[in-house]
Amino acid sequence: SSLQLSPQPTTQSTTQPVSQPSPTADPTANWKTYTNTKFGYSFKYPIEWANCPSNFGGGQTDTTIYLCSASLQPFDYIWTSYMDNPQHLNFQQLVTQGLSDDIKNNFKYTAVTIGQNTAYITKSLPAQSDTEQVFFKMQNNEYISISYQPSNSSSGFSETYPGYKIFQQILSTFRFD
């Protein structure tokens, strides 16, 4: 008798590579860092930005810095400042003091968290210009504000300005040390 072998089905397993999501590149990775040691905060800003010209109100003190873009001409700029609050006023009272009742009555802001920080965002107020100001709350109801002024703001503030996305990236790097 002859032995007959019948072919056995074979299974072949192939390993398909599992696609890993590619890490998103940090657009701020190569940016410069501004550090204010007096008030204990820092943030990053694009390498092509620099101190604004002194005739622009630029320069730097221990409480304020003006940074201008070289690529967005005439140029967008940001500035930071420290707001003392010896009377321990609430946020709205602090930023509207000295303004007219009409402005005070129409004052609007949005409370947000950026990183680990409580912040308040105003558009065009209290500076009364086409500016977005972000106030980061410190201890004792003191604030650090970072403001964005687009170069072409004469037509009113718009989140579509090219520098606005950069401003949002700058804000995302803000840290209290």
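Here, residue 1 is the first one in the sequence, and each next residue gets the next number.
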Under a 3.5 Å distance rule, please check whether Thr28 uses its side chain to pair with a backbone N or O of Trp31 as donor and acceptor. no

Are the side chains of Pro46 and Leu67 in touch, meaning some heavy atoms are under 4.5 Å apart? no

Nearest-0.5 Å distance that lies between atom OG1 in Thr122 and atom CZ in Phe135: 4.5 Å

Value for OH (Tyr82) from NZ (Lys38), rounded to nearest 0.5 Å, stands at 8.0 Å

Distance in Å, Tyr120 OH paired with Ser145 OG, rounded so as to fall on 0.5 Å steps: 14.5 Å

With heavy-atom distances below 4.5 Å as the criterion, would you say the side chains of Tyr143 and Asn141 are in contact? yes

For the OG1 atom of Thr96 and the CG atom of Asn105, what is their distance to the nearest 0.5 Å? 9.5 Å

Tyr45 side chain to Tyr34 main-chain N or O, any donor-acceptor pair under 3.5 Å? no

Looking at Ile121, Ile78, Asn117, which hits side-chain contact (heavy atoms from CB on, under 4.5 Å) with Val134? Ile121

Hey, what's the ring geometry for Phe107 with Phe91, parallel, tilted or perpendicular (30° and 60° as the breaks)? tilted

Answer yes or no: is there a side-chain heavy-atom contact under 4.5 Å between Trp49 and Ile166? yes

Which distance, rounded to the nearest 0.5 Å, do you find between the CE of Met138 and the OG1 of Thr118? 13.0 Å

Without placing hydrogens or testing angles, list every side-chain donor-acceptor pair under 3.5 Å for residues 109-116, not counting sequence neighbours.
none

According to side chain to side chain contact (heavy atoms under 4.5 Å, CB included), who are the partners of Lys165, at least two apart in sequence or on a separate chain? Gln169

With Tyr41, which residues qualify under side chain to side chain donor-acceptor pair (under 3.5 Å), at least two apart? Thr80

With rounding to the nearest 0.5 Å, note down the distance linking NZ in Lys137 to CE in Met83. 13.0 Å

Kindly indicate, with the supporting measurements, whether the criterion side-chain contact (heavy atoms from CB on, under 4.5 Å) is fulfilled by Glu132 and Tyr164. CA-CA 9 Å; Glu132 179 167 298; Tyr164 188 73; 3.0 Å; yes

Is there a side-chain contact between Asn51 and Ile65, using heavy atoms and a 4.5 Å cut-off? yes

How close do Gln92 and Lys104 get, counting heavy atoms only, and between which atoms? NE2-O, 3.7 Å

Just wondering, more than 12 heavy atoms not from Asn90 lying within 6.0 Å of its CG? yes

Atom of Lys44, atom of Thr173 and distance for their closest heavy-atom approach: N-OG1, 2.8 Å

What orientation do Phe174 and Phe136 show, parallel under 30°, tilted 30 to 60°, or perpendicular over 60°? parallel

Do the side chains of Gln87 and Gln93 get nearer than 4.5 Å, heavy atoms only? no

